Amino acid sequence: MENKSSAPFCTCDKFKCPLHPVNHDKGCTLCIAKNLRAREIPNCYFDLLGAEGGRKDDSFRTFAELVMSDGGCGGEEKE
């Protein structure tokens with residue numbers, strides 16, 4: 001599905017989520033606000049690491065562990 005939203009750069013493929021930018025005209029604001037309240041990292045950041053669906057939760061700790069792992073970017077820029 002093509003992302004025809006107010007956030008055309010959005011990489012999230014969870015289109016059924018009511019907070020996804022294709023489902024309203026507020027861009028990423030609703031998703032970011034929800035994640036800030038829950039103290040979580042948005043799905044699109046996990047997607048950047050290639051961790052779609054392969055994580056235990058969306059916590060800061062899980063994100064940090066993935067970044068620092070061999071599969072993550074480990075502080076180096078991916079090509």
Side-chain angles (χ1 to χ4, degrees):
M1 177 178 197
E2 186 179 336
N3 185 357
K4 295 184 181 196
S5 71
S6 56
F9 54 84
C10 180
T11 61
C12 182
D13 62 359
K14 294 181 176 12
F15 300 110
K16 291 183 180 180
C17 174
L19 305 180
H20 194 287
V22 298
N23 297 317
H24 54 78
D25 64 354
K26 295 179 176 37
C28 297
T29 301
L30 300 179
C31 179
I32 298 297
K34 174 259 180 200
N35 281 282
L36 287 173
R37 280 191 309 275
R39 296 190 47 82
E40 294 178 338
I41 300 290
N43 188 63
C44 56
Y45 283 71
F46 282 98
D47 290 349
L48 182 62
L49 297 177
E52 307 89 347
R55 60 187 186 264
K56 58 185 173 188
D57 58 34
D58 294 339
S59 69
F60 294 163
R61 178 177 298 278
T62 296
F63 185 77
E65 288 169 354
L66 284 168
V67 167
M68 298 310 293
S69 72
D70 289 338
C73 61
E76 297 177 16
E77 192 172 313
K78 280 188 162 183
E79 306 245 353

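Fair warning: this is a prediction, and the values are worked out from it, not measured in the lab.
Following chains of ILVMFWY side-chain contacts shorter than 4.5 Å, one can reach Leu49 starting from Ile41, so the two form part of one hydrophobic cluster.
Taking every heavy atom of both residues into account, His24 and Pro18 meet most closely at CD2-O, 3.4 Å. Looking at every heavy atom in both residues, Pro21 comes nearest to Gly27 through CG-O, 3.6 Å.
Arg39 is linked by a side chain to side chain contact (heavy atoms under 4.5 Å, CB included) to Phe60, counting only residues two or more places apart in sequence or in another chain. Ser59 pairs by the side-chain hydrogen bond (donor to acceptor under 3.5 Å, both in side chains) definition with Asp57, Thr62, not counting sequence neighbours. Every residue was checked against the salt bridge (charged side-chain N to carboxylate O under 4.0 Å, His left out) condition with Lys16, not counting sequence neighbours, and none meets it.
Between Asn23 atom CG and Cys31 atom SG the span is 11.5 Å, to the nearest 0.5 Å. In this structure, CZ in Phe63 is found 10.0 Å from CZ in Arg55, a value given to the nearest 0.5 Å. In this structure, Leu66 CG and Phe46 CZ are separated by 6.0 Å, a value rounded to the nearest 0.5 Å. Separating the CG atom in Asp13 from the CG atom in Asn43 is a distance of 7.0 Å, to the nearest 0.5 Å.
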